[in-house]
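The analysis underlying the following values was restricted to heavy atoms, covering all of them including side chains, and did not include hydrogens, waters or symmetry mates. Within every chain, numbering begins at 1; the chains are lettered A, B, ... in the order of the sequence lines, protein sequences first and strands thereafter. Keep in mind it's a predicted model, so treat the numbers as computed, not measured.
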Number of protein chains: 2
Amino acid sequence: MAIFSKTCEYAMRAVFYVAQRSHEGYKVGIKEIAEQINSPEPFLAKILQRLSKEGLIQSVKGPNGGFYFDAASLNRPLADIVTAVDGNAIFTGCGLGLTYCSEANPCPLHEEFKKVRNQITYMLNNTTIGKFNLGLIKGKFSLNK
Amino acid sequence: MAIFSKTCEYAMRAVFYVAQRSHEGYKVGIKEIAEQINSPEPFLAKILQRLSKEGLIQSVKGPNGGFYFDAASLNRPLADIVTAVDGNAIFTGCGLGLTYCSEANPCPLHEEFKKVRNQITYMLNNTTIGKFNLGLIKGKFSLNK
DNA sequence: TCTATAAAAGACAAAAATATCTTTTATTAA
DNA sequence: TTAATAAAAGATATTTTTGTCTTTTATAGA
Ligand code: FES
Ligand code: FES
């Protein structure tokens, strides 16, 4: 088990890649994205379709079409992507899988697990979709393998 | 998606419950455990079978039999249970699902994600199986609902 | 207008996780 | 030594996640 679902991992990688290309002034086709982030193309297509329907990513059909981010979207937190794909369990759920996390009736891990959740929440809320554009262009970060 | 698999959540809840009862001097049958931690009985049986085979939990068959922890096992870290059930991806894996996490060729989330992983590792290494026995006996913690 | 392009949508398939059921084995106690 | 108990083992079933394929719709450019 990883922290995020495969779906969510692909979504985040794709989003970072598309953001970088948007910063450079391009739209990207699903094929290129899938190749660059090393994900199964039709599966990724479904994921981006969903993000597109929710308005989290922009897309146009037809020649010279593809996926991209407008300026406003580049400033959205990565948390929005994660929530759209995996829901909010990771932000609010109980570490031992109780149906809800509760201060009044906590599980044994509650106090320590809150710190984990807070760290995750901080990370995802303070990472904008466009945050790593320059680093990616410079080749400082990897999105595949 | 939750942080841990259902299997792992049930395992941790069961382990805390059995530890408490062991501390009180009892062995516990699978039926009682499943009821008390609110998990599907035959599924939980499989999980405990596995832990038993790996020597992480003790068990005896027959009348008055059941699951229990000896003193040494009560001092094991919860991390041992998680590793046995979910493997070590949660301790070492990449947050974006790259095949391995690397300092030399990191994903964009690497620096922040390390903090998350470290927090999880700390939590699981510093929580012994028997740590919450008194709290559980006093009813301070919940393992179901 | 016609054609090529590329995403959207929908149906389908495979694999993994979760859950159940039945039979076997070990242990205790009468 | 037999009967009752409870875990171990093995086979099977269901659901969810992950992955694929085909058809439709929108857009651009010739
Ligand atoms: S009750 Fe389990 S994390 Fe809060
Ligand atoms: S490379 Fe992704 S977390 Fe280290």
Write down the distance between CD1 (B:Ile47) and C1' (D:dA7), rounded to a whole number of angstrom.
15 Å
Please check if atom NZ in A:Lys140 has more than 12 non-hydrogen atoms from other residues, nucleotides or ligands closer than 6.0 Å.
no
With a cut-off of less than 4.0 Å, is there a side-chain N or O of B:Ser59 near OP1 or OP2 of D:dA6?
no
Do side-chain atoms of B:Gln119 reach the backbone of A:Val116 as a donor and acceptor pair under 3.5 angstrom?
no
Nucleotides 13-15 of chain D: which of its N/O atoms have a protein N/O under 3.5 Å away?
none

Output yes when at least one side-chain N/O atom of B:Ser52 is less than 4.0 Å from OP1 or OP2 of D:dA7, else no.
no
Answer whether the closest heavy-atom distance between the side chains of A:Leu124 and A:Phe91 falls below 4.5 Å.
yes
Each nucleotide N or O in nucleotides 9-12 of chain C that has a protein N or O under 3.5 Å away: list the pair and distance.
| residue | atom | partner | partner atom | Å |
| --- | --- | --- | --- | --- |
| C:dA9 | N7 | A:Lys46 | NZ | 3.2 |
| C:dA9 | N7 | A:Gln49 | NE2 | 3.1 |
| C:dG10 | N7 | A:Lys46 | NZ | 2.5 |
| C:dG10 | O6 | A:Lys46 | NZ | 3.0 |

Here the residues of residues 9-44 of chain B within 4.0 Å heavy-atom distance, strictly under, of DNA chain D are B:Val28, B:Gly29, B:Ile30
May I ask you to decide if B:Leu56's main-chain N or O and B:Arg76's side chain share a donor-acceptor pair within less than 3.5 Å?
no
Ignoring hydrogens and angles, tell me if any N or O in the side chain of A:Arg21 forms a donor-acceptor pair with the backbone of A:Val28 under 3.5 Å.
no
Does atom NZ of B:Lys31 have more than 12 heavy-atom neighbours, drawn from other residues, nucleotides or ligands, at distances under 6.0 Å?
no
Look at A:Thr7 and D:dT18 and indicate whether a side-chain polar atom (N or O) is within less than 4.0 Å of OP1 or OP2.
yes
Answer yes or no: is there a donor N or O on one side and an acceptor on the other, between the side chain of A:Asn38 and the main chain of A:Leu143, under 3.5 Å?
no
Checking B:Asp70 against B:Ser73: is there a side-chain donor and acceptor pair closer than 3.5 Å?
yes
Is the closest side-chain heavy-atom distance between A:Ile57 and A:Ile129 below 4.5 Å?
no
In this structure, how many angstroms lie between the P atom of C:dA7 and the CG atom of A:Leu48, rounded?
9 Å
I want to confirm an ordering. Mapping A:Cys8 and B:Gly66 to their closest nucleotides on DNA chain D, which one lands closer to the 5' end?
B:Gly66
Could you give the CG-to-P distance, from A:Leu51 to C:dA8, as a whole number of Å?
10 Å
So B:Gln20 and B:Ile137, do their side chains get closer than 4.5 Å, heavy atoms only?
yes
May I ask you to test the B:Met12-B:Phe4 pair for a side-chain heavy-atom distance under 4.5 Å?
yes
I'd like a table of atom pairs between the protein and nucleotides 26-30 of chain D - only N or O on both sides, under 3.5 Å - with the distance next to each one.
| residue | atom | partner | partner atom | Å |
| --- | --- | --- | --- | --- |
| D:dA26 | O4' | A:Lys61 | NZ | 3.4 |

I need the CD-C1' distance between B:Gln58 and C:dT27, as an integer number of Å.
17 Å
Residue pair B:Leu98 / B:Asn105, side-chain heavy-atom distance below 4.5 Å
no
So, the side chain of A:Asn144 versus the backbone of A:Gln36: is there a donor-acceptor pair under 3.5 Å, distance only?
yes
Report the end-to-end axis angle of the helix from C:dT1-D:dA30 to C:dA30-D:dT1; each axis comes from five terminal pairs, and the value is rounded to 10°.
10°
Donor-acceptor pair between B:Tyr17 and B:Glu32 side chains, under 3.5 angstrom
yes
Between B:Phe43 and B:Tyr10, what is the ring plane arrangement, given parallel below 30°, perpendicular above 60°, and tilted in between?
perpendicular
Got A:Ile120 and B:Ile3 here, is their nearest side-chain heavy-atom distance under 4.5 Å?
yes
Output the residues of residues 81-93 of chain B in contact with DNA chain C, where contact means a heavy atom of the residue under 4.0 Å from an atom of the strand; sort by number or write none.
none
In terms of ring plane angle, is the pair B:Phe141 and B:Phe132 parallel, tilted or perpendicular, where the classes change at 30° and 60°?
perpendicular
Could you walk me through whether A:Thr128 and A:Asn75 pass side chain to side chain donor-acceptor pair (under 3.5 Å), step by step?
CA-CA 5 Å; A:Thr128 63; A:Asn75 279 318; 5.0 Å; no
